[in-house]
Amino acid sequence: MGLLRFSCYSIRFYRIGGNMYWSQFFIPTLRETPADAEVPSHQLMLRAGYIRQLAAGIYSYLPLAQRSMLKAQAVIREEMERIGAQEFYLPALHPGEVWMSSGRWEVMGPNMFRLKDRAGRDMCLGMTHEEIFTTIACGELRSYRQLPQIWYQIQCKFRDEPRPKSGLLRVRQFTMKDSYSFDVDAAGLDRSYDKHYQAYCRIFERCGLRYAVVEAHSGSMGGSQSHEFMVRSDAGEDLVVSCGCGYAANMERAQSLLDPIEDAEPQGAEPEPVHTPGQKTIAEVSAFLQADPTRQIKSLVYLADSKPVLILLRGDHSLNEAKLSSHIGTSVFRPATAEEILEALGADAGSLGPVGVSRMTILADQALRDRRNLICGANRNDYHLVGATPGVHFQPQWGDFRLVNEGETCPACRREKLQIYKALEIGHIFKLGTKYSESLRAHVLTHDGREVPIVMGSYGIGVERILASAIELFHDADGIVWPVSLAPFHVVVTPVNFALEDQRQAAENIYRELSGAGIDVLLDDRNERPGVKFKDADLIGVPFRITIGPKLLKENKVELYSRATRKMEPVPLEGILQRVREVIAESMPQARHS
RNA sequence: CGGGGCGUAGCGCAGCCCGGUCAGCGCGCCUGCCUUGGGCGCAGGAGGCCGGCGGUUCAAAUCCGCCCGCCCCGACCA
């Protein structure tokens, strides 16, 4: 096949060699949607013959999918090379000890595939490659003179997801472009991070995606700053909080402004216990005491590193566990059980509060700051306290612990209301800092001879998610509508009746002419009725179709059809290459970022 | 890991409740004829140890038990 004629670096970024006759190319389309598929990208990739499932969250990529994967990867390679990144290829099979030295052997928990070799040594399948790249850096990078470095690879990752779902959107084996930057100081990291930010914008723009860049929570990666690249989609599992002013953040990280609340003077100096039999939820207490939920304190007990913590929120707010995790500096926490709550506070959930609590940490959301005369549980079943004032009757550590709600005020422009939508994460960039270089002892000497840990960044793109999100964004009732840059073929040549000599000759001539000019062409030589061929071409999403029919052919013309616009235009045979070049060029997504 | 659902031909499904001419339908596939501008028509045909194991029974796709797999919701998720 033509692909063999090119080394991978000589693939033009929008073209893959190898052109095919449909009757011989493996495109197992399905007339009906397989029952297991729910989201559009999954349904269409199955129906259009791109993928087949092997097991839960494990898919085989058929030739069409592989061609689109290579197209996406070619765009990625070009843009990574543009920022000076160097391509590696690292093992997927790792010795456990590397992960033990970074501490993530435990942190990754059951999400990591683990196995033993014949000698009984712990091994695992890589979920990501901070440890491995850092190990190389550790052995080889000694001097600031060698920095900065940006290293990357496009390689498969393994994660034993608790719940694989939605076709290629959440899987257990997938392809990731991961890169890592190595700098001598924070300013260098800022530059490497910014390069990646720009490169990612260019990659996703060239892939034709509509995306947003949001502030993100860095999670178990550690590190100080992080952005996610998100595609708005109902198939997504993340929530993005955004504002018309440009503010956008992951739900885990998002903040908002609240309308001020004026509290009445408390009746007395001390909180007053009131009998609230059977009133446990905020709503029940609210109704019983005729007090708005905003006047109540919601008290939650968590066990963080096995120690109980009391968390206070405004009655109508919800806990944001990502923010809690950042504040307490551990991801090892969980809600306390009923027994643990009773032991810690002497009452059951529904009657909990901070007043008089001394033996445990009290964390309070800043929405409660400067409030007074509030209602909270009394730590005595069926009793609440009225008139509690933070800072007076209890002394919490203040922080941001709440989930924002739609319609609250944007923290950036301070004027508009926030929107919340579902989104797919297609890329994520992190400033790691020295977390891995310290634990794995990757140090360099500075200009003035000091030994410092390398300052690192880590950057990922889910390649399959580029394809899946493109399909989520661009499809219709008939099938996929690929951006030209990702389509497995640019053009399908469809003679209405391939058995007729004049149509066959015209088709083969066009096929040869376009292929020779570097265009990816599929020739539909099947002995099928035209309707079948049109339906299949629409389904697999080829951006342009050249239809060869008897009437126009008599005038030495063929028809150029655009999958996206569904417009048809007659084109003279002798001008077809030129016209196809034009329409491909016109519809090829361009990077807006410089 | 909790809750729910499903496993019968390549795909989509019926049959199961009420055991016994139930191995069935549509699409796809093969052969022939026909047809060729949006999944055409006619005729013939191939294909399934009914997810697995065990039990009940004269008899099990059907009832019971265990296991496995897959999907959905939740938990979880760099």
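Chain identifiers are assigned alphabetically (A, B, ...) following the order of the sequence lines, protein sequences preceding nucleic acid strands; residue numbering begins at 1 within each chain.
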Which pairs, protein N/O on one side and nucleotides 9-12 of chain B N/O on the other, fall under 3.5 Å?
from   : atom 1 : to      : atom 2 : distance (Å)
B:rC11 : O2     : A:Glu32 : OE1    : 3.4
B:rG12 : OP1    : A:Ala35 : N      : 2.9

Would you tabulate the nitrogen or oxygen pairs shorter than 3.5 Å linking the protein to nucleotides 45-48 of chain B?
none

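Looking at residues 462-472 of chain A, you'll see that no heavy atom sits under 4.0 Å from any atom of RNA chain B. Shown for residues 39-47 of chain A: residues whose heavy atoms fall under 4.0 angstrom of RNA chain B, namely A:Arg47. Applying a 4.0 Å cut-off to non-hydrogen atoms, the residues of residues 545-558 of chain A that approach RNA chain B are A:Arg545, A:Thr547, A:Gly549, A:Pro550, listed by residue number.
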Residues 521-532 of chain A side chain polar contacts: donor-acceptor under 3.5 Å, at least two apart:
from     : atom 1 : to       : atom 2 : distance (Å)
A:Asp524 : OD1    : A:Arg526 : N      : 3.3
A:Asp524 : OD1    : A:Arg526 : NE     : 2.9
A:Asp524 : OD2    : A:Arg526 : NH2    : 3.1
A:Asp525 : OD1    : A:Trp22  : N      : 3.2
A:Asp525 : OD1    : A:Ser23  : N      : 2.8
A:Asp525 : OD1    : A:Ser23  : OG     : 3.2
A:Asp525 : OD2    : A:Ser23  : OG     : 2.5
A:Arg526 : NH1    : A:Asp536 : OD2    : 2.9
A:Arg526 : NH2    : A:Asp536 : OD2    : 3.2

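Identified under the salt bridge (charged side-chain N to carboxylate O under 4.0 Å, His left out) test for residues 549-558 of chain A, with sequence neighbours left out: A:Glu555-A:Lys557. Each salt bridge (charged side-chain N to carboxylate O under 4.0 Å, His left out) pair with one or both residues in residues 317-329 of chain A, not counting sequence neighbours, appears once here: A:Lys323-A:Asp400.
Taking the six-membered ring where the residue is Trp, A:Phe401 and A:His327 present perpendicular rings, their angle passing 60° and hence far from 30°.
Heavy-atom contacts from other residues, nucleotides or ligands closer than 6.0 Å to CD of A:Glu237 number more than 12.
Summarising the geometry, the separation between NZ on A:Lys535 and C1' on B:rC40 is reported as 14 Å, rounded to the nearest angstrom. Rounded to an integer number of Å, the gap from A:Glu528 CD to B:rC34 C1' is 14 Å. Between A:Asn497 atom CG and B:rG37 atom P there is a gap of 8 Å when expressed in whole angstrom units.
Remark: A:Lys533 pairs with no residue by the side-chain hydrogen bond (donor to acceptor under 3.5 Å, both in side chains) rule, at least two apart or across chains. Scored by the side chain to side chain contact (heavy atoms under 4.5 Å, CB included) test, A:Ala442 finds A:Thr134, A:Cys138, A:Ser437, A:Ile454 as partners (sequence neighbours excluded). For A:Ser233, the side-chain hydrogen bond (donor to acceptor under 3.5 Å, both in side chains) test picks out no residue, with sequence neighbours left out. For the side chain to side chain contact (heavy atoms under 4.5 Å, CB included) test, residues two or more places apart in sequence or in another chain that qualify with A:Ala336 are A:Val301, A:Leu303, A:Glu340, A:Ile341.
Residue contacts shown for A:Phe158 are absent, as no nucleic acid heavy atom lies under 4.0 Å away.
The distance from the CH2 atom of A:Trp151 to the CD1 atom of A:Ile136 is 6.0 Å, given to the nearest 0.5 Å.
Within the structure, every side-chain polar atom (N or O) of A:Arg163 is placed at least 4.0 Å from both OP1 and OP2 of B:rC76.
When the options A:Tyr197, A:Tyr459, A:Tyr200 are evaluated for a side chain to side chain contact (heavy atoms under 4.5 Å, CB included) with A:His227, the one that passes is A:Tyr197.
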